[in-house]
There are 4 protein chains.
Amino acid sequence: MPPHVHRAAAPGHPSRGGRRRDPAADRAILEAALALLGEGCSFADLSMDLVAQRAGVARATVYRRWRNKEELVLAALGSLDLPVPHLEGLPLRDKLVALVDQIRHRGQDTLLHRLLAGLVGEAARRPHLVERFEETVVAQRRRAFEQALSEGVESGELRADLDVDQAIEMLTGPMLSRLILRQRPVDSAAFAESVVDMFLNGTRSRPGR
Amino acid sequence: MPPHVHRAAAPGHPSRGGRRRDPAADRAILEAALALLGEGCSFADLSMDLVAQRAGVARATVYRRWRNKEELVLAALGSLDLPVPHLEGLPLRDKLVALVDQIRHRGQDTLLHRLLAGLVGEAARRPHLVERFEETVVAQRRRAFEQALSEGVESGELRADLDVDQAIEMLTGPMLSRLILRQRPVDSAAFAESVVDMFLNGTRSRPGR
Amino acid sequence: MPPHVHRAAAPGHPSRGGRRRDPAADRAILEAALALLGEGCSFADLSMDLVAQRAGVARATVYRRWRNKEELVLAALGSLDLPVPHLEGLPLRDKLVALVDQIRHRGQDTLLHRLLAGLVGEAARRPHLVERFEETVVAQRRRAFEQALSEGVESGELRADLDVDQAIEMLTGPMLSRLILRQRPVDSAAFAESVVDMFLNGTRSRPGR
Amino acid sequence: MPPHVHRAAAPGHPSRGGRRRDPAADRAILEAALALLGEGCSFADLSMDLVAQRAGVARATVYRRWRNKEELVLAALGSLDLPVPHLEGLPLRDKLVALVDQIRHRGQDTLLHRLLAGLVGEAARRPHLVERFEETVVAQRRRAFEQALSEGVESGELRADLDVDQAIEMLTGPMLSRLILRQRPVDSAAFAESVVDMFLNGTRSRPGR
DNA sequence: TATTAATCGAGACGGTACGTCGCGTCTTTTC
DNA sequence: GAAAAGACGCGACGTACCGTCTCGATTAATA
């Protein structure tokens with residue numbers, strides 16, 4: 001009987017007897033965390049006590065579900081549903097613009113970005129958090145980018161020797177840096193368009209070409 | 001006798017009388033902070049007590065100089081001297097590669113990047129920290145980029161309608177995102193070269209070449 | 001969730017739920033405080049940290065029970081059990097001597113008197129401390145004196161117009177002043193006897209008697 | 001050249017050369033201390049910084065004169081001029097009442113008593129302070145009492161076997177205890193009269209009178 | 001239906017860091 | 001020299017969270 005059986009009461013739990021975890025508490029906690037972060041509460045400000053209070057739940061009820069603050073915030077992060085944009089049938093440029101601009105939209109009210117900013121610091125010494133961060137946030141976006149770029153290569157629109165990984169960094173880096181590191185708002189899709197156009201066409205002047 | 005006249009003893013201070021702040025203490029404290037951060041101590045782990053102890057100084061002596069941990073770390077950050085690379089006479093591509101790759105070098109041992117990562121979270125709710133961050137770290141790099149890009153435009157190598165701000169995001173974003181947000185090492189200049197080449201040439205296939 | 005509900009877990013507390021305060025901690029803390037004071041540690045020397053350490057308890061555990069040092073010391077003071085002397089059947093003079101001399105005995109090892117001396121200074125600006133001091137230390141002694149003196153009046157041994165309050169001051173004042181203010185030891189019951197005899201007989205020479 | 005040459009620059013100082021200590025500072029400091037204590041500032045509240053500030057003097061100037069807070073407060077205490085009441089020609093009872101009541105008057109505005117209360121605590125562990133307290137406050141009063149009582153014995157008014165020391169405790173103790181320990185105001189001379197009358201006549205009922 | 005076991009609320013507990021304050025000493029400049 | 005100003009080392013203060021641990025009261029599946 002380990003001291004913490006986090007998520008032990010998840011579906012498929014073999015135990016017999018005992019009260020079930022209240023699924024409403026799960027939701028209330030995550031929502032409370034998100035709400036607080038959205039209200040300008042930094043990662044460090046966000047205390048477990050505050051979250052529990054806001055969720056109308058005892059502190060232990062939070063700890064029963066998530067080992068610590070990072071895990072909680074990460075879960076809150078993961079609980080945001082991330083709408084995948086419709087790319088079917090769009091031309092390559094528009095696909096890429098949609099994907100890049102989606103990064104901006106995912107942080108409604110800049111909540112997500114603040115949240116990510118908070119995690120960045122903690123992540124410094126917790127490699128597994130970085131991994132989870134990658135899985136949760138980066139991975140699926142990555143796949144969408146990979147697909148769009150591969151199609152571009154196959155269709156001949158993009159160079160055959162394109163380094164896809166590198167290309168993804170090129171496309172996502174500017175937006176991420178702007179939103180999370182420099183914490184500046186991006187108000188329109190113009191930023192994404194500009195990034196994609198530079199990415200596709202480069203910046204050399206090509207008069208005679 | 002204000003309770004906190006931080007940095008009051010800075011150069012040019014008009015006061016007469018009173019013991020001067022020991023400049024050795026300033027250095028010792030900043031170095032201690034940097035050393036600890038460099039040794040894998042995260043922003044949250046870094047306690048004022050630890051810094052003071054390492055610096056061989058009383059805790060109050062730290063607080064006399066910096067109001068709190070964030071201010072201290074920011075100062076430590078600013079105290080890193082940032083070598084400006086020699087760009088004179090280099091072709092545009094090499095200039096840009098040097099500038100982009102310098103971002104990587106500035107965080108020797110990833111110290112600076114860890115440090116920045118730690119600040120990112122705190123900065124979320126302290127706008128003035130973001131500003132200071134911009135001034136301290138971003139501004140002078142920005143100027144170097146601006147100059148190189150402007151020269152490129154003037155020489156006709158870059159498009160006349162280039163949006164310089166946007167271009168800087170394109171060049172620095174990928175590296176920053178990789179080093180700070182995703183906390184992945186970048187071992188060679190190849191990354192910077194790749195970024196610059198994509199930036200200059202774009203990624204479209206160009207059959208006529 | 002009030003920040004400080006000191007003594008909330010006292011007997012008769014209606015709350016349900018929540019871990020009970022460890023009564024062993026209460027005792028350990030009070031004993032630690034008394035021990036330290038008894039070992040020659042002055043009121044100012046007595047640090048909360050030291051008390052907690054000696055009691056084998058976290059500092060917060062002390063603060064959870066008593067708001068600050070004064071409250072703690074006062075509680076420690078109150079925790080001394082004060083043996084009430086057997087007065088039944090004694091002649092008036094002996095009753096009074098026993099009561100006056102008890103003041104001396106209550107501060108075994110002068111612990112109590114040192115303690116009181118320490119409180120006197122703090123009490124200067126905290127009226128409620130003076131009140132608590134009265135309740136804790138003075139009140140029950142007062143009642144014993146009142147009873148003895150009233151009996152003396154009723155039996156005709158003492159003047160009918162005796163001002164009882166004043167009389168108590170007369171009896172206790174000299175001993176208190178000597179022990180606490182002047183901090184001089186009183187080694188035998190002779191002092192008490194002398195006080196009582198003067199109190200009863202006065203000091204006028206009475207040749208004709 | 002000892003680190004502290006307290007009071008070295010007092011009148012009669014043999015040194016040659018160097019600036020003289022400003023006697024106005026002496027006064028200003030003592031007055032500041034007394035004023036603060038009089039305004040309800042307890043001994044613990046009274047910080048050297050506050051005193052210096054109020055006196056319009058640097059903190060070091062205070063320390064140059066008195067080694068620490070206790071010494072300063074004690075000096076402030078001593079600086080109060082203590083009017084000796086005119087006893088010449090009064091009957092014994094009136095002499096004693098005047099002396100006892102003088103204890104009350106000496107603490108104008110209860111300043112002195114608060115001050116003494118503050119010292120009591122510190123004195124617990126500083127024997128020399130108690131001594132100085134005795135010298136400063138107790139001694140000269142003691143002599144006045146001794147004289148009055150001796151005269152009473154010689155004149156036959158008081159018992160020949162009177163223990164003078166004990167008698168002084170009897171007379172002063174109640175007032176001191178009331179003013180300093182219990183911190184209760186005494187508004188009229190009635191208290192002193194009552195003390196003296198009990199002292200002289202005792203409290204036994206005396207049917208033949 | 002009774003038993004049993006896990007959850008829930010509340011909140012105490014040992015830690016650790018925070019930022020402030022006061023002490024008594026020291027250094028520096030001016031008078 | 002003394003005086004004003006103020007830095008310095010030290011150490012206590014009281015607060016705030018952290019993550020763990022009891023409690024008694026609920027609540028569900030099992031026996």
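Within every chain, numbering begins at 1; the chains are lettered A, B, ... in the order of the sequence lines, protein sequences first and strands thereafter.
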Below 4.0 Å: OP1/OP2 of [N] and any side-chain N or O of [X]:
X       : N      : result
D:Arg64 : F:dA3  : yes
D:Lys69 : E:dC23 : yes
D:Thr61 : F:dA2  : no
A:Arg21 : E:dT7  : yes
A:Arg65 : E:dC8  : yes

Determine whether B:Arg64 and B:Arg59 make a side-chain contact, defined as any pair of heavy atoms from C-beta on separated by less than 4.5 Å.
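No - every pair of side-chain heavy atoms lies 4.5 Å or more apart.
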
Just so I know, are the side chains of B:Trp66 and B:Ile29 near enough to count as touching, which here means a heavy-atom distance under 4.5 Å?
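Side chain of B:Trp66 against side chain of B:Ile29, heavy atoms only: contact under 4.5 Å found.
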
Between the base of F:dC21 and the side chain of C:Arg19, is one N or O donor paired with an acceptor at under 3.5 angstrom?
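Such a pair is found, so the answer is yes.
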
First encountered from the 5' end of DNA chain E, between B:Ser47 and C:Val57:
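It is C:Val57 whose nearest nucleotide is closer to the 5' end.
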
Rounded interatomic separation in angstrom, taking [atom1] from [X] and [atom2] from [N]:
X       : N      : atom1 : atom2 : answer
A:Arg67 : F:dC18 : CZ    : C1'   : 15 Å
B:Tyr63 : F:dG9  : OH    : P     : 15 Å
C:Glu71 : F:dC13 : CD    : P     : 15 Å
A:Leu72 : F:dG19 : CG    : P     : 10 Å
B:Glu70 : E:dC18 : CD    : C1'   : 11 Å
A:Arg59 : E:dT7  : CZ    : P     : 18 Å
D:Ile29 : F:dA2  : CD1   : C1'   : 12 Å
C:Gln53 : E:dG14 : CD    : P     : 13 Å

What does D:Leu50 touch in the nucleic acid at a heavy-atom separation under 4.0 angstrom: a base, only the sugar-phosphate, or nothing?
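Nothing, no nucleic acid heavy atom in range.
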
Touch check for B:Ala60, heavy atoms < 4.0 angstrom, all strands: base, sugar-phosphate only, or nothing?
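Base contact - B:Ala60 has a heavy atom under 4.0 Å of at least one base atom.
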
Salt-bridge present (D:Asp26, D:Arg21; N to O < 4.0 Å):
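No, this pair does not count.
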
Can you tell me which nucleotide in F:dT22, F:dG19, E:dT7 comes closest to the side chain of A:Asn68?
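The answer is F:dG19, which lies nearest to the side chain.
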
Nearest nucleotide by nearest heavy atom, which residue falls closer to the 5' end of DNA chain F, D:Asp22 or C:Met48?
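Per heavy-atom nearest nucleotide, the more 5' residue is D:Asp22.
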
Under 3.5 Å: donor-acceptor pair, side chain of A:Arg65, backbone of A:Thr61:
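At least one qualifying donor-acceptor pair exists.
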
Are any side-chain N or O atoms of C:Lys69 and backbone N or O atoms of C:Met48, one a donor and one an acceptor, separated by less than 3.5 Å?
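Checking the backbone N and O of C:Met48 against the side chain of C:Lys69, no donor-acceptor pair under 3.5 Å is found.
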
